[in-house]
Number of protein chains: 2
Amino acid sequence: MIHMEPALPCAACPLRPLPDFKPVTPTELASIYDAKVGQRLCAAGATILAEGQVATRVYTLLKGWAFRFKTLEDGRRQILNFLLPGDLLGLQGELHAALPHGVEALTPVNLCAFGSDALPRFFSRHPSIALDITWLSAHEERLVDDVVLTVGRRTAMERVAALLVHLYKRAASAGLIETSGIQLPLTQMHIADALGLSVVHTNRVLQRLRKGGFIRLEDQRLSIGDLQAMRRVGRYWEEPAPRRPLL
Amino acid sequence: MIHMEPALPCAACPLRPLPDFKPVTPTELASIYDAKVGQRLCAAGATILAEGQVATRVYTLLKGWAFRFKTLEDGRRQILNFLLPGDLLGLQGELHAALPHGVEALTPVNLCAFGSDALPRFFSRHPSIALDITWLSAHEERLVDDVVLTVGRRTAMERVAALLVHLYKRAASAGLIETSGIQLPLTQMHIADALGLSVVHTNRVLQRLRKGGFIRLEDQRLSIGDLQAMRRVGRYWEEPAPRRPLL
DNA sequence: CGATTGGTTGAAAGTCGTCAACGGAGGTGG
DNA sequence: CCACCTCCGTTGACGACTTTCAACCAATCG
């Protein structure tokens, strides 16, 4: 289900006021709004970008959760990382070439769309925005680097713990924290596919974390009693991130 | 062992003539050379950039092999990807902040160094170069995405086969192909750390590939008899890459 | 109400890791 | 020139973390 909607003025963007995002100058804001060609809505579970598709747009995730993934021809799927509000998508592949990965919505999703000419325009006329885009790209690579470490060298228990802490913190940064936890719109299959595990084993590990009192997770709501304890379980310590740019 | 040497003129760069690299305009070439502050030599096995170190430079790998890695505090190490001539390094972390990963030389390595002001200067004055930098960054993310798929969803046999094919092709692109194969400056420990496997198991898989007649690998020389067969073993098919920019 | 999706649990099998030991090659110092 | 040491590759035995196969249940849905 794809809709195009009238563009929300960037000046009224609900994300910008969040403490995690870097302030922009009015000039930048105007240029960004100028490049925006519309918004797009996708239903939960919808394919936002198909693996192998030729992309002509770049998007910013305005609302909702999504994930990037790759599949092997026999169906094995690996989730590369999760996308939350503020994340850019479509940049990883080059425009006008087949996308090396797919993107799927986990919740109903709202995207800001930019035309394919936006990028070169930013680069030639708005160097500061171009630098921000590059920063976002490098930032995502850092996340994927972490995934490699997790999947390659952490045990199943460590992987699950690290992922939950990671998502918890990110959701919090995106302003998605609620009383006693966050909404975690993932099935156990998503967790398994993100961690290189089977669903069954993921389930068992989750049980252990629940029974150990580390997490409460039911009905898509996650709360973590003791974040430090969970970090220890997952051997997971992230570096503090500076305020991030928002396209 | 760190030496700074007089800078090789970019116009005389041995890499640029290779068919894999995108041509540059004389103006671009001049600007790049202008930003170059020197060269750096590292011995095989040397740490080029330490994990957690604050970097103040960006480098282009001019000659030799290296790899990026992360470690868990208990010593488990994961190699994120390998660096070959033409690759950029130091961009993934933000300048003037702790590097989230280390970089180590596999062979004697020759680097072109750029000062920390080079990036902002490119962005503000040479949009085309800035775009190239972003392309290189996105390209590396695609490589890491592939690593995630490999480590998360391929079997040990598939992982080894896919990695060998990948490195074989990259070495060929970098002009490192020789009669009957390439020089592969890795120990089995490197392969294991890149694939999330133990050294022992890596060894056994390598034996199977040798005995199956798929590869010849001895004394750091790798040759692959039937590339297509190896691709099938590794379920590994890459998309053709366009000519890449070289900073 | 049958079908589908997501979660859960048990049992069995297997891939892969750990522990240990050995051999060859290269490097160093006496 | 030869001990001695370290690095790297190799192999066997054993153990275990995970996967696969199966079945069952609850909730949702058209």
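Chain letters run A, B, ... following the sequence lines, proteins first, then strands; residues in each count from 1. It should be emphasised that the depicted structure is a prediction, and the values quoted were computed from it without experimental measurement.
Note: CG (A:L197) to C1' (C:dT8) measures 17 Å, nearest angstrom. To the nearest angstrom, C1' of D:dC17 lies 12 Å from CD of A:E158. At whole-Å resolution of the value, CG in A:L217 and P in C:dG6 are 15 Å apart. When the C1' atom of D:dG9 is taken as reference, atom CD1 of B:I191 falls 11 Å away, rounded to whole Å. For B:L186 and D:dG9, the CG to P distance is 10 Å, given to the nearest whole Å. The distance between atom CD of A:E218 and atom C1' of C:dG6, rounded to the nearest whole Å, is 15 Å. If you take CG of B:D193 and C1' of C:dG17, they are 14 Å apart, rounded to a whole angstrom. B:H190 places its NE2 atom 13 Å from the P atom of D:dC7, with the value rounded to the nearest Å.
The salt bridge (Lys or Arg N to Asp or Glu O under 4.0 Å) analysis of residues 162-171 of chain B, with sequence neighbours excluded, yields the pairs B:D87-B:R170.
Among the atoms of the strands shown, only primed sugar atoms or phosphate atoms (P, OP1, OP2) are found under 4.0 Å from some heavy atom of A:T187. Using a 4.0 Å heavy-atom distance criterion, A:V200 is classed as a base contact. Using a 4.0 Å heavy-atom cutoff across all strands shown, B:G45 reaches no nucleic acid atom at all.
Within the structure, every side-chain polar atom (N or O) of B:Q220 is placed at least 4.0 Å from both OP1 and OP2 of D:dC8.
Within residues 201-215 of chain B, the residues approaching DNA chain D are B:N203, B:R204, B:Q207, B:R210, by heavy-atom distance under 4.0 Å.
Using a 4.5 Å heavy-atom cutoff, the side chains of A:R235 and A:W237 are in contact. With contacts defined as side-chain heavy-atom distances shorter than 4.5 Å, the pair B:R232/B:Q228 qualifies. Taking 4.5 Å as the limit, some side-chain heavy atom of B:L88 sits within range of a side-chain heavy atom of B:L91.
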Detail all sub-3.5 Å separations between protein N/O atoms and N/O atoms belonging to nucleotides 25-30 of chain D.
none

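Between the side chain of B:D145 and the main chain of B:V147, no donor-acceptor pair closer than 3.5 Å is present. Between the side chain of A:K70 and the backbone N or O of B:D146, no donor-acceptor pair lies under 3.5 Å. Looking at A:E51, its side chain does come within 3.5 Å of a backbone N or O of A:T71 through a donor-acceptor pair.
Ring centers of B:F67 and B:H190: under 6.0 Å apart, within the cut-off.
With no hydrogens or angles considered, no side-chain donor-acceptor pair links B:H201 and B:S198 at under 3.5 Å.
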